[in-house]
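Worksheet: one structure, shown below.
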Amino acid sequence: MNFILLVVLIVLLGAHLLQCWAEMQNLKSLKPDVPAELTDVHDEKTYRTSQEYPRAKTRLELISSNLSLAALFIFILAGGLPWLDQTIRSLGLHSVLTGLVFLGLLGLAVDILALPFQLYSTFVLEERFGFNRMSLSTFIQDKLKGLVLALLIGGPCLAGIIVFLSTYPAWGWVLAWAGLTVVMIGLQYIAPNWILPLFNTFTPLEDGELKTKILDYARQNGVTVQDISVMDGSKRSAKSNAFFTGFGRKKKIALFDTLIDKHTPDELVAVLAHEIGHWKLRHILKGLVLAIVKMGIILGLLSVVVSYKPLFTAFGLEQVSVHAGLFLFLLVYTPVSLLLSVGTSYISRQHEFQADAFAAKTTGQPEYLLQALKKLSKDNLSNLTPHPLKVVLEYSHPPVIERIKALQRMW
């Protein structure tokens, strides 16, 4: 076996085993007794269910990830990559179209492999724990809409990368970076009013106590709110959430209908204050800048990989191409991405603490956010005692107990 191929496969396996070990440690960290911070919202039955849920999810995720890795290794070792590349090249298509078909078929294969697990997760596992509200028709529609968006947005982006890196090997990545930056910024304006409504219905929040409290809070804190919407989250799940997205006049504040059903107006104001805090503290802008910088680094590394012929040879590819190089880059970048996520996840967790503090200070009533967090953790069956390694590797939000303790220190 080629040495480079062996190294890549070993590193991929090592990254996978690290994630599996983190999952197993996470299950071992489940505690038999309700943490003292949440005894006021959890009874014995709901707490036991909140432990059964992550166990069931983890088992499914481990089976899915193990089979996916096995399928990838079989595909590579059986010579599937050069076979696919040569088969598509034999069609005599334009080089850009060849690349799009190559990457599209690989993406489709990944989706097909994941489909049984998605169906089981949605209609068996989530159903068993009382979360699923999605019909098979909605599931299929979501899949088709996602495919159309991938073709309309992802297709041109991939085509641009292929063209730029093929035409200008030395600095084409800079042009690709500039193009993708425009797309990323544009989506911040397009998504709230064009993409999100494809999947959910947004209706204006009705006049009443809640709307009055939200508008009063926003006005007191110098925030212009033009769009407060209720999203039909119950169309898919019983889980609750809220979000703030977009820039300028395209900002959208959305409350899941399931969230409104389970919380008092003061708790909902506290939740929205947290989301507004992300905007006021420029977390959304910082996240976008960080994503743009990260994209530039990725494209710079990609430009090196797509011209490194020994890597292509190691995988049995006779010709160097941008489209095959993209796939090889994803393999090489997977373990690097896992390590980089440690830093980005840490920044995200710090932003959550800061948004909590902002909400507590500007409402002057941290107890409402505290109570909302407790209810959300109960209603969403959150793991209350995750293992530190799992948190470091994957958690974009701090564990709820850490957030509770931080708020309690403000009293």
Atom of P399, atom of V391 and distance for their closest heavy-atom approach:
CG-CG2, 3.8 Å

Would you say that L259 contacts D379 through its side chain, given a criterion of any heavy-atom pair below 4.5 Å between the two side chains?
no

Is any side-chain heavy atom of L340 closer than 4.5 Å to a side-chain heavy atom of T344?
no

For side-chain contact (heavy atoms from CB on, under 4.5 Å), just list the numbers for V306 and V320, CA-CA rounded to whole Å, side-chain angles, deciding distance to a tenth of an Å, and then say yes or no.
CA-CA 7 Å; V306 298; V320 174; 5.7 Å; no

Can you tell me how far NZ of K145 sits from CD1 of I195, rounded to the nearest 0.5 angstrom?
12.5 Å

Stepwise side chain to side chain donor-acceptor pair (under 3.5 Å) test for T138 and S135
CA-CA 5 Å; T138 300; S135 66; 3.0 Å; yes

Report yes or no: does D232 contribute a side-chain atom to a donor-acceptor pair with the main-chain N or O of T201 at less than 3.5 Å?
yes

Rounded to the nearest 0.5 Å, how far does CD of Q19 lie from CD of E61?
10.5 Å

Between the main-chain N or O of T87 and the side-chain N or O of S90, is there a donor-acceptor pair closer than 3.5 Å?
yes

State plainly whether the residues E206 and K211 are in salt-bridge range, i.e. N to O under 4.0 Å.
no

Is there a donor-acceptor pair under 3.5 Å between the side chain of N2 and the backbone N or O of L5?
yes

Within a strict 4.5 Å, meaning less than it, do heavy atoms of the F102 and R89 side chains meet?
no

So how far is it from L255 CG to D261 CG, rounded to the nearest 0.5 Å?
11.0 Å

For L100 and G155, work out which heavy atoms get closest and say how close.
CD2-O, 3.7 Å

Quick one: closest heavy-atom pair of L187 and I153, and the distance?
CD2-CD1, 4.1 Å

Taking 4.0 angstrom as the limit, do D216 and R219 come out as a salt bridge?
yes

Looking at R236, K239, E126, E127, which one forms a side chain to side chain donor-acceptor pair (under 3.5 Å) with N132?
E127

Closer than 3.5 angstrom, by distance alone: can the side chain of S121 be matched with the main-chain N or O of F117 as a donor-acceptor pair?
no

Side-chain (N380) to main-chain (S240) donor-acceptor, under 3.5 angstrom:
yes

Please check if the number of heavy atoms outside K361 that lie under 6.0 Å from its NZ is greater than 12.
no

With ring pair (Phe, Tyr, Trp, His ring centres under 6.0 Å) as the test, would you mind laying out the steps for F315 and F327 before giving the verdict?
CA-CA 11 Å; F315 283 81; F327 177 77; 7.6 Å; no

Side-chain heavy atoms of I4 within contact of Y308, under 4.5 Å:
yes

Rounded to the nearest 0.5 Å, what's the gap from CZ on F329 to OG on S303? Could you check?
9.0 Å

Go through it in stages, so that I can follow the logic: the residues are N200 and F202, the test is side-chain contact (heavy atoms from CB on, under 4.5 Å), and I'd like the CA-CA distance, side-chain angles, deciding distance and then a yes or no.
CA-CA 6 Å; N200 289 95; F202 293 84; 4.0 Å; yes

Do the non-hydrogen side-chain atoms of I88 and W83 ever get within less than 4.5 Å of each other?
no

K374 vs V400 side-chain heavy atoms within contact, under 4.5 Å
no

May I ask you to decide if the ring planes of H283 and H351 are parallel, tilted or perpendicular, using 30° and 60° as cut-offs?
parallel

On a heavy-atom basis, the closest approach of Q354 and L281 is O-CD1, 3.7 Å

Are there more than 12 heavy atoms of other residues, nucleotides or ligands under 6.0 Å from atom OH of Y346?
no

Would you indicate whether the side-chain heavy atoms of V230 and P204 approach each other to under 4.5 Å?
no

Apply side-chain contact (heavy atoms from CB on, under 4.5 Å) to residues D142 and F199 and explain how you reach the verdict.
CA-CA 7 Å; D142 283 354; F199 296 90; 3.5 Å; yes

Name each donor-acceptor pair under 3.5 Å that joins a side chain in residues 29-39 to protein atoms two or more places apart or in another chain, with its distance.
{"from": "S29", "atom 1": "OG", "to": "N26", "atom 2": "O", "distance (Å)": "2.6"}
{"from": "S29", "atom 1": "OG", "to": "T385", "atom 2": "O", "distance (Å)": "2.6"}
{"from": "S29", "atom 1": "OG", "to": "H387", "atom 2": "N", "distance (Å)": "3.3"}
{"from": "T39", "atom 1": "OG1", "to": "A36", "atom 2": "O", "distance (Å)": "3.2"}

In Å and rounded to the nearest 0.5 Å, what is the OG to CG distance from S321 to L165?
11.5 Å

Nearest 0.5 Å, what's the CG-CG distance between D111 and L147?
8.0 Å

Sidechain-backbone polar pair: S345 side chain, S341 backbone, donor-acceptor under 3.5 Å
yes

For the pair R403 and L370, evaluate side-chain contact (heavy atoms from CB on, under 4.5 Å) and give the outcome as yes or no after the intermediate values.
CA-CA 8 Å; R403 296 176 71 178; L370 187 68; over 6 Å; no

On a heavy-atom basis, which atom in A360 and which in P366 lie closest, and how many Å separate them?
CB-CB, 3.6 Å

Could you tell me whether the side chain of L72 reaches within less than 4.5 Å of the side chain of L331, counting heavy atoms only?
yes

With distance as the sole test, does R349 use its side chain to make a donor-acceptor pair with the main-chain N or O of Y395 at under 3.5 Å?
yes

Does the side chain of Q371 come under 3.5 Å of the side chain of H263 through a donor N or O and an acceptor N or O?
no

Examine distances only and state if a side-chain atom of T363 and a backbone atom of Q365 form a donor-acceptor pair shorter than 3.5 Å.
yes

Do the side chain of D43 and the main chain of K45 share a donor and acceptor less than 3.5 angstrom apart?
yes

Over all heavy atoms of both residues, which pair between Y217 and I276 is shortest? Give the atoms and the distance, please.
CE2-CD1, 3.9 Å

Donor-acceptor contact below 3.5 Å, side chain S166 vs main chain I162
yes

K405 atom NZ, neighbour heavy-atom count above 12 within 6.0 Å:
no

